[in-house]
Amino acid sequence: MAAAQLLRKNLHIAKALSFSFRMMSSVQGNAGVSYTYETLNVCQARNNVLHVELNRPDKRNAMNRSFWSEMVECFNKIANDSDCRAIVLSGAGKIFTSGIDLTDLGSDVLQQQGEDLARIAWNLRKKILEYQETFNVLEKCPKPVIAAIHGACIGAGVDLITACDIRYCTQDAWIQVKEVDIGLAADVGTLQRLPRVIGNQSLVNELAFTARKMMSDEAKSCGLMSRVFEDKETMLEGAFEVASEIASKSPIAVQGTKLNLVYSRDHSVSDSLNYMATWNMSMLQTEDTMKSAMAALQKKTPRDVMYSKL
């Protein structure tokens, strides 16, 4: 009751702020951050929403040497871009991705230089860890990432999408954990993340051991995809709409939610609750909570509130 009375006493503040909220929202935008890459196309799709597109359509978006470093650079930059609050990740051309570009990266894995086996192994492990970071950055980025998959998503593409927060696909989409067919075990995230995403170890084992295709209907039924769209155009529109909805909310709340969800996945309930309490002992002091509560009392939505950049 006391909290409600306090909020009502401050309604005049909300009324005074509401005009400034509307005025300020029109000037929000990217503050000159540059995203120029060889293998990625980055643009602003909606207010506070970035669209990152795998951009090697003539090579079926195969992941070459440049891609592995550019993804790290791109998402580290996005993580610190206060104008971005949500990301949609898609692929240009006919398919999402054909996976690793063996013609470009084969020498990194198959033709290690040197005679000492220990040093060859040491350097190969270092290289694998570097490749793992390419998709770890999606998970480390505090802004939610929506993967929008059309056509084929093969091999390292599965590593990529399992590191995303939300996954949508088209009816013609299919995924394939392809690595056993080229003589190796998937080593950049699929075997670690896919079991946690779908919660069915038997199905994960089947996919990983056989390298069979999983079609869109099965991917949705097992929980890998949350929505299936008729075609790429409607999927992207749906993804942008959800990203825009996410971006309209308090960045303190959204990004704190993502960080705690990731932490909880890898820790016990007890540890995660303790971490949450420590997190919110400071984050609950944000002005965003009062702004949101005032908006609710005025029967407004988060879209009517101008949250400060984070």
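Since this is a predicted model, take the numbers as computed values, not measurements.
Apart from Val228 itself, the hydrophobic cluster it occupies contains nothing, where clustering links Ile, Leu, Val, Met, Phe, Trp and Tyr at side-chain heavy-atom distances under 4.5 Å.
Considering CD1 of Ile161 and CE of Met225, their distance stands at 4.0 Å, rounded to 0.5 Å. Between the CD1 atom of Ile252 and the OG1 atom of Thr286 there is a distance of 5.0 Å, given to the nearest 0.5 Å. Rounded to the nearest 0.5 angstrom, Met283 CE and Thr289 OG1 are separated by 10.5 Å. Here the straight-line distance linking atom CD of Gln44 with atom OH of Tyr35 works out to 10.0 Å at 0.5 Å rounding. Atom OG of residue Ser270 and atom OH of residue Tyr275 lie 15.0 Å apart, to the nearest 0.5 angstrom. Atom CD of residue Gln192 and atom CZ of residue Phe135 lie 12.5 Å apart, to the nearest 0.5 angstrom.
Inspection of the Asn200 and Ser202 side chains reveals no N or O donor paired with an N or O acceptor under 3.5 Å. Side-chain contact annotation: Ser90 with His51, donor-acceptor N/O pair under 3.5 Å present.
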- Message: Between Lys249 and Glu245, does the salt bridge (Lys or Arg N to Asp or Glu O under 4.0 Å) criterion hold? Intermediate values first, please.
- Response: CA-CA 7 Å; Lys249 302 181 186 301; Glu245 180 68 21; 3.2 Å; yes
- Query: After noting the C-alpha distance and the side-chain angles of Ser66 and Asn64, does the key distance pass the side chain to side chain donor-acceptor pair (under 3.5 Å) rule?
  - Reply: CA-CA 6 Å; Ser66 295; Asn64 64 358; 4.6 Å; no
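For the pair Met71/Leu138, a side-chain contact is recorded, criterion being any heavy-atom separation below 4.5 Å from C-beta on. Contact check for Leu160 versus Leu89: side-chain heavy atoms found under the 4.5 Å cut-off. Residues Leu207 and Thr190 are not in side-chain contact: their nearest non-hydrogen atoms beyond the backbone lie 4.5 Å or more apart. For the pair Lys258/Glu139, no side-chain contact is recorded, criterion being any heavy-atom separation below 4.5 Å from C-beta on.
In the displayed structure, Lys59 atom NZ is contacted under 6.0 Å by at most 12 heavy atoms of other residues, nucleotides or ligands.
Applying the side-chain contact (heavy atoms from CB on, under 4.5 Å) rule to Ser264 yields the partners Ser272; only residues at least two apart in sequence or on another chain are considered.
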